[in-house]
Amino acid sequence: MNRTVLGILVSGRGSNLQAILDAILAERLKAKIGVVISDNPDAPALKRVAGFDITTTVIERRKFADKRSFEKAIAAELQLHHVELVLLAGFMRILGGEFISQFPGRIMNIHPALLPAFPGLDAQAQAVKYGVKVSGCTIHFVDEGVDTGPIILQEAVPVLDGDDEHALAERILHVEHKLYPRAVGLFCEGRLRIEGRKVIISEKR
Ligand code: GAR
């Protein structure tokens, strides 16, 4: 089976990037990382792929006159590396419609809450503040809204009395690291189909 070429966009720590890399190295994921792009030159994520013959590129927003040309540069880099699936892995920017339309049904995001609850920034803090008893993590396809695209996988975790956002984030992160490689695996196996707002997961052939 051919390996699906991934382009991974990061801004920070990169623990989800690490989880994808680990799944590939363990042959649990039939994919290949074509390029890692960071909008932050100091992102620890960049160090995670050092020594693996994986291209890393820094594309900083401040080097471009506007959001459109910044996103054009990212898209060009992804095309250059023949990326088939774009993964947002802690990439802390909202992508515009022009970018998204270049990769229809081929951009995934991970969000640390059970969408549609708590979209946007600081999802774990939002959940703690609201007082929910259950939160979790969502993998979804990206559309033009903020965390609004069709949902691929979700998994819940309890919110315990006494949790602060850090404790909850840690519990959710543990699930994120299982769920993201699983969603990417489903894509690589051709088992995801988008029907309106729904993502249909077909049985393994
Ligand atoms: C993860 O918890 C991810 O769900 C979240 O940022 C963290 C990145 O961690 N993403 C968002 O909040 C997107 N709205 P990582 O850099 O260690 O993968």
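Just so it is clear, the values below take in all heavy atoms, side chains as well, and ignore hydrogens, waters and symmetry mates. Please read all numbers here as calculations on a predicted model, not as lab measurements. Counting starts at 1 for both ligands and their atoms, following the listed order.
The number of heavy atoms from other shown groups lying within 6.0 Å of CD (Gln79) is above 12.
Residues satisfying the salt bridge (Lys or Arg N to Asp or Glu O under 4.0 Å) criterion with Arg171, sequence neighbours excluded, are Asp163.
Among all protein heavy atoms, the one lying closest to atom 10 (N) of ligand 1 is Ile110 O, 3.7 Å. Of the protein's heavy atoms, Glu176 OE2, 2.9 Å lies nearest to atom 2 (O) of ligand 1. Residue, atom and distance of the protein heavy atom nearest to atom 5 (C) of ligand 1 are Pro112 CD, 3.8 Å. Of all protein heavy atoms, the one closest to atom 14 (N) of ligand 1 is His111 ND1, 3.5 Å.
At least one N or O atom of Arg13 sits closer than 3.5 Å to an N or O atom of ligand 1. For a threshold of 3.5 Å applied to N or O pairs, the pair formed by Asn109 and ligand 1 contains no separation below that value.
Each of Arg93, Lys63, Glu60 was scored for a side chain to side chain contact (heavy atoms under 4.5 Å, CB included) with Phe70, with one residue passing: Arg93. The side chain to side chain contact (heavy atoms under 4.5 Å, CB included) with Ile107 is formed by just one residue from the set Val86, Leu78, Asp143; it is Val86.
For the pair Glu155 and Lys178, the salt-bridge criterion is met [side-chain N within less than 4.0 Å of a carboxylate O].
The ligand atoms of ligand 1 that sit less than 4.0 angstrom from a heavy atom of Ser15 are 15 (P), 16 (O), 17 (O), 18 (O).
At least one donor-acceptor pair under 3.5 Å links the side chain of Arg48 to the backbone N or O of Gly14.
Residue contacts with ligand 1 do not include Gln18, since none of its heavy atoms lies under 4.0 Å from the ligand.
Counting only residues at least two apart or in different chains, ring-ring contact (aromatic ring centres under 6.0 Å, His included) contacts with residues 128-178 comprise Phe118-Tyr130.
Residue nearest to atom 16 (O) of ligand 1, selected from Gly90, Gly12, Ala169, Gly14: Gly14 (by heavy-atom distance).
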